[in-house]
Amino acid sequence: MVSNTIGLLQLPSITLLTPKTLDEAVSLMVENPDAPIIAGGVYIISSIIDRRIRPSKLIDISKLDALRKLEKSGDLVRAGPIIKHWELAERFAPVSRAFKDFGDSYTSPSIANLATLGGSIALRHSSEDLILIMLVHDAVLKLRTASSVREVSLESYLREDSGRHIIEEIAFLNPSKVFSSFQKIALGVSYTPLVSAAVSLGRGDGGGLLCRVATSHCRGGVPGRVRAAEEAVEDGGLDHDNLELVGKTVEKEIDPVDDLTAPAWYRRRVAGVLVRRMLDQLRRALPR
Ligand SMILES: Cc1cc2nc3c(=O)[nH]c(=O)nc-3n(C[C@H](O)[C@H](O)[C@H](O)COP(=O)(O)OP(=O)(O)OC[C@H]3O[C@@H](n4cnc5c(N)ncnc54)[C@H](O)[C@@H]3O)c2cc1C
């Protein structure tokens with residue numbers, strides 16, 4: 001039981017449940033339907049301090065070794081959800097431009113040391129840079145519920161209500177085999193970027209172009225893939241005129257939220273420009 005008063009800050013009494021295995025974590029999730037899962041705690045603890053949530057129990061998965069892996073398996077990387085943001089940046093920045101951009105543009109090193117990949121994905125929000133980067137690496141999630149273990153693409157996960165679940169694994173294309181890039185425009189007042197975008201390029205078995213485009217605020221505040229822009233690249237190529245069209249397609253397709261930090265028209269416009277520029281830069285690196 002944790003009960004604290006620090007100066008004027010009064011924290012509620014919270015029981016921290018500490019499962020020793022994933023099965024135990026799932027059982028605790030079923031027995032305690034109102035207890036949030038806590039991994040790095042960046043979001044959960046700030047939500048408790050701000051009184052947005054008032055849980056009496058938390059299920060702490062941060063010590064479960066089964067959720068800590070980061071291993072290559074063929075063309076994929078399989079990551080446990082409690083892998084930290086800094087670990088991903090450090091491991092893949094030398095081989096992936098998107099991961100280097102992610103590390104270089106991170107707002108706070110102390111947060112990167114705490115925040116986890118699974119915590120980011122579960123938030124399903126445009127604040128999470130890794131969602132975009134995982135989308136352009138075709139990430140697939142393994143979700144564990146009380147009654148099943150199932151796989152779902154990250155793209156579908158962002159659109160569905162998955163019920164009570166634990167993200168057990170995130171499998172994504174090996175970043176060293178993908179040409180990818182990530183950029184964000186942020187204001188100091190908020191860690192949620194005004195706009196961010198990620199792209200990747202590759203070649204299919206027949207030599208044709210493969211493209212992925214993801215932006216923040218694709219639908220309201222939720223990030224997502226922009227399929228029409230991907231098809232425009234795969235069908236029309238990477239020349240200057242077609243990239244102009246791809247940028248306009250992004251602008252037309254996404255439906256961002258209008259809020260105090262940026263109007264929707266600005267987000268649409270800047271997302272289109274970011275995608276066009278990143279594709280233009282990656283084009284030069286892509287083998288013919
Ligand atoms: C000051 C500040 C700066 C930031 N800067 C950046 C930045 O530059 N780039 C960026 O990408 N993000 C940034 N963030 C956001 C940060 O990345 C997220 O808050 C963080 O990723 C959440 O991860 P966590 O492990 O701390 O999640 P937690 O707070 O532990 O959990 C977050 C949510 O995910 C759920 N959850 C956690 N793990 C799982 C799981 N395995 N299965 C199912 N549900 C789960 C929890 O129940 C909760 O709902 C910043 C945040 C702050 C406060």
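These numbers come from the heavy atoms of this one structure, side chains and all, not from hydrogens, waters or symmetry mates. Indexing begins at 1, ligand by ligand and atom by atom, following the structure's order.
Atoms of ligand 1 lying under 4.0 Å from any heavy atom of Val42, numbered from 1 in the order shown and given with element: 19 (O), 26 (O), 29 (O), 51 (C), 53 (C). Near Ser120, the atoms of ligand 1 lying under 4.0 angstrom from a non-hydrogen atom of the residue are 17 (O), 21 (O), 23 (O). Ligand-side atoms of ligand 1 in range of Tyr43: 19 (O), 29 (O), 32 (C), range being under 4.0 angstrom from any heavy atom. The Gly40 neighbourhood of ligand 1 comprises atoms 24 (P), 25 (O), 26 (O), 30 (O), with distances under 4.0 Å to a heavy atom of that residue. Within the listing of ligand 1, atoms 42 (N), 43 (C) sit less than 4.0 angstrom from a heavy atom of Ile166. When each atom of ligand 1 is checked for a heavy atom of His165 under 4.0 Å away, the hits are 43 (C). Residue Ile38 approaches ligand 1 through these ligand atoms, each under 4.0 Å from one of its heavy atoms: 30 (O). Less than 4.0 angstrom separates some heavy atom of Pro81 from each of these atoms of ligand 1: 41 (N).
Of the protein's non-hydrogen atoms, the one nearest atom 41 (N) of ligand 1 is Ile167 O, 3.2 Å. Among protein heavy atoms, atom 1 (C) of ligand 1 sits closest to Ile111 CG1, 3.8 Å. Nearest non-hydrogen protein atom to atom 4 (C) of ligand 1 is Thr107 OG1, 3.2 Å. With hydrogens left out, the protein atom closest to atom 16 (C) of ligand 1 is Glu128 OE1, 3.6 Å, a heavy atom. Protein heavy atom nearest atom 12 (N) of ligand 1, with residue, atom name and distance: Ser127 O, 3.5 Å. The nearest protein atom to atom 49 (O) of ligand 1, hydrogens excluded, is given as Ile44 CD1, 4.1 Å; this is a heavy-atom distance. Ranking protein heavy atoms by distance to atom 13 (C) of ligand 1, first place goes to Tyr106 OH, 3.5 Å. If you check which protein heavy atom lies closest to atom 20 (C) of ligand 1, you get Ala115 CB, 3.6 Å.
For ligand 1, the polar-atom distance check against Asp129 finds a nitrogen or oxygen pair separated by under 3.5 Å. Among the atoms of Ile61, none of the N or O lies under 3.5 angstrom from an N or O of ligand 1. Considering backbone and side-chain atoms together, Ala122 places no N or O closer than 3.5 Å to any N or O of ligand 1.
Residue contacts with ligand 1, taken as heavy atom pairs separated by less than 4.0 Å, do not involve Ile45 at all.
For the side-chain contact (heavy atoms from CB on, under 4.5 Å) with Ile254, the qualifying choice from Val195, Val275, Thr215 is Thr215, the only one to do so.
Residue contact annotation: His85 has a non-hydrogen atom under 4.0 Å from ligand 1. For Lys184, the closest heavy-atom approach to ligand 1 falls below 4.0 Å.
Between Asp104 and Lys100 a salt bridge is recorded (basic side-chain N to carboxylate O distance below 4.0 Å). A salt bridge is absent between Glu253 and Arg268; no separation between the charged side-chain nitrogens and carboxylate oxygens falls under 4.0 Å.
Linking ILVMFWY residues whenever their side-chain heavy atoms come closer than 4.5 Å, directly or via other members, places Val42 and Ile133 in the same cluster.
At distances below 3.5 Å, not a single donor-acceptor pair connects side-chain atoms of Glu128 with backbone N or O atoms of Ile121. Distance alone, capped at 3.5 Å, is enough to place a donor-acceptor pair between the Glu87 side chain and the Lys84 backbone.
Between Phe99 and Phe92, the two ring planes are tilted [angle within 30° to 60°].
For the atom pair Gln183 CD and Leu274 CG, the distance stands at 5.5 Å (nearest 0.5 Å).
Atom CZ of Arg68 has more than 12 neighbouring heavy atoms from other residues, nucleotides or ligands inside a 6.0 Å radius. Environment of OH in Tyr43: sparse, with no more than 12 heavy atoms of neighbouring residues, nucleotides or ligands closer than 6.0 Å. The 12-atom threshold is not exceeded at CG of Asp75, counting heavy atoms of other residues, nucleotides or ligands nearer than 6.0 Å. Summarising the local packing, CZ of Arg51 is surrounded by 12 or fewer heavy atoms from other residues, nucleotides or ligands at distances under 6.0 Å.
Under 3.5 Å, the side chains of Arg267 and Thr261 contain a donor-acceptor pair of N or O atoms.
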